[in-house]
Amino acid sequence: MDEESPSSRKSNEIEHKVYARVGLLGNPSDVYYGRTISFSLANFWATVKLQPSHHLIITPHPTHDLVQFSGLDHLVNRLQSEGYYGGVRLLMSICKVFYNYCNENNIELSKENFTLSYDTNIPRQTGLSGSSAIVCAALNCLLDFYKVRHLVKVEIRPDLILSAEKELGIIAGLQDRVAQVYGGLVYMDFNKDHMEKLGHGVYTPMDISLLPPLQLIYAENPSDSGKVHSTVRKRWLDGDEFIVSSMLEVADLALQGQTAILEKDYSKLADLMNRNFDLRRTNGASVFCKMIQAFYSHTSLSDTEIFYRIMFGDDALGSLNIEMVEVARRVGAASKFTGSGGAVVVFCPDGPSQVKLLEDACKEAGFVIQPVKVVPSYLNEDDLKTLSG
């Protein structure tokens, strides 16, 4: 078979853009059958392009998948700034998950091949869901290329994206993927009964015009938050009463937040944002206390292990991350992580004058600050037809 001409391939090109996301309230309770509110952030995005081709080709990104270097110093500097992994593995993984899902659900796919490429401007290690944005955009391309968008329910797509990331050892919850599949502002209920009965949570889009003006703060050169892993998940699985009750309270913040947003009670929203971060920080403090108790009760842990674990109180959240929150709080603003750390979402209840104080404080601290731009929902007619109810 002859290869298509470049002009023909260009006319058949499919391109999808998926935006970064901000966890406004409730995170990280999505991993614990909780509730969250998130929105799509127009400030940053990932794009994936699909072109029909004779062979199936995954194109490496010239920056994020670099394999040619000028020397060892270039290689080491690149790894320190970008890490070991680019986006090729993400594209390959979603292709596998999509293919298996279609096979298991008797969705017939044509034998055509394609070339996938991607680009992204989402800052790395900022908790803005850069990886899942690439995966989501690729899934959208596959749905359109094989013309099966109407056969794969919108509510199921976040699970496919999460499955593709889990294949690569990425530990995460559904919140980010739901926000990126739906777009806009979404309230999510991951109640265990819903999850077991429906196979997914209950996702309720909200009007983005209900949100007050928000700010985004992030560091241009964040440290790798992935080097420190919290013990919270294991303690939750073990039934730790403090962790279980804390996660229930975090989830309740999203429920209260939905009401506050609908009623435009922004004073309440500010309180809930601050409480969300404080609860997360308290979990780290509780680890510190337990380690101190272990030390004085002569546990079998070595001195090195005790020291290492004690040091993972606030450090588990990251000193740079905490400083971003504190910069906002020092000018009287409400603030919390956008996700796992690396960026902070801020609400200035006193308006523009307070925003100016925040901008000056961020400049002095060396942080980047931008007004938040929220993306409306980008579900199309075919997508809406697949929604339950």
Side-chain angles (χ1 to χ4, degrees), residues 19-43 128-129 154-155 158 173-195 198 200-216 246-280 328 332-339 344-352 354-355 371-379 383-384 387-389:
Y19 296 88
R21 78 90 193 88
V22 168
L24 184 61
L25 284 171
N27 54 306
S29 77
D30 58 315
V31 186
Y32 306 92
Y33 298 120
R35 306 180 190 92
T36 61
I37 298 175
S38 291
F39 60 81
S40 289
L41 179 71
N43 304 57
L128 295 173
S129 302
V154 168
E155 291 104 332
L174 281 167
Q175 171 188 209
D176 307 1
R177 291 90 201 148
V178 173
Q180 290 173 322
V181 165
Y182 280 70
L185 175 67
V186 189
Y187 170 75
M188 311 166 205
D189 188 340
F190 300 102
N191 178 279
K192 187 175 182 180
D193 290 340
H194 296 330
M195 299 291 288
L198 304 174
H200 54 78
V202 175
Y203 312 132
T204 307
M206 300 176 67
D207 184 351
I208 64 172
S209 69
L210 295 171
L211 286 175
L214 299 169
Q215 308 297 316
L216 178 75
S246 293
M247 284 304 165
L248 288 173
E249 186 173 353
V250 171
D252 188 57
L253 297 179
L255 181 60
Q256 295 181 59
Q258 183 189 36
T259 301
I261 291 170
L262 290 172
E263 296 178 353
K264 294 190 175 182
D265 185 349
Y266 299 139
S267 175
K268 178 69 171 178
L269 178 63
D271 291 341
L272 294 171
M273 289 174 64
N274 282 331
R275 180 61 179 157
N276 201 147
F277 176 78
D278 290 342
L279 279 171
R280 193 164 190 170
S335 57
K336 64 175 291 295
F337 290 167
T338 61
V344 169
V345 59
V346 180
F347 171 44
C348 293
D350 295 338
Q354 194 174 37
V355 172
V372 162
K373 302 173 186 176
V374 186
V375 183
S377 175
Y378 35 73
L379 297 179
D383 295 325
L384 295 173
L387 288 172
S388 302

Could you tell me the separation between the [atom1] atom of [X] and the [atom2] atom of [Y], rounded to the nearest 0.5 Å?
X: Y182; Y: M206; atom1: OH; atom2: CE; result: 14.5 Å
X: N274; Y: L279; atom1: CG; atom2: CG; result: 11.0 Å
X: L185; Y: Q258; atom1: CG; atom2: CD; result: 9.5 Å
X: Y187; Y: L25; atom1: OH; atom2: CG; result: 10.5 Å
X: L269; Y: T259; atom1: CG; atom2: OG1; result: 11.5 Å
X: L210; Y: K264; atom1: CG; atom2: NZ; result: 6.0 Å

Smallest separation among heavy atoms of [X] and [Y], with atom names:
X: V186; Y: G183; value: CG2-O, 3.7 Å
X: Y19; Y: A42; value: CD2-CA, 3.6 Å
X: G173; Y: R177; value: O-NH1, 2.7 Å
X: S40; Y: A179; value: OG-O, 3.0 Å
X: V375; Y: I208; value: O-CG2, 4.2 Å
X: A270; Y: A334; value: O-CB, 3.5 Å

Between the main-chain N or O of [Y] and the side-chain N or O of [X], is there a donor-acceptor pair closer than 3.5 Å?
X: N43; Y: K373; result: yes
X: T36; Y: N27; result: no
X: K336; Y: G23; result: yes
X: Q175; Y: P28; result: no
X: S29; Y: R35; result: yes

Side chains of [X] and [Y]: does their closest heavy-atom pair fall under 4.5 Å?
X: V202; Y: N191; value: no
X: I261; Y: L211; value: yes
X: R275; Y: L253; value: yes
X: F39; Y: R21; value: no
X: Y203; Y: D189; value: no
X: V250; Y: N276; value: yes
X: M273; Y: S335; value: no
X: L216; Y: L41; value: yes

Show, in sequence, the C-alpha distance, side-chain angles and deciding distance for Q180 and D176, and conclude whether the side-chain hydrogen bond (donor to acceptor under 3.5 Å, both in side chains) test is met. CA-CA 6 Å; Q180 290 173 322; D176 307 1; over 6 Å; no
With side chain to side chain contact (heavy atoms under 4.5 Å, CB included) as the criterion, how do E155 and L198 come out once you've worked through the C-alpha distance, each side chain's angles and the decisive distance to 0.1 Å? CA-CA 9 Å; E155 291 104 332; L198 304 174; over 6 Å; no
Using 4.0 Å as the upper bound for N to carboxylate O, is an ion pair formed by K268 and E263?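 Looking at E263 and K268, the cut-off is not met.
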For Y266, enumerate each residue passing the ring pair (Phe, Tyr, Trp, His ring centres under 6.0 Å) test, keeping only those at least two apart in sequence or located in another chain. none
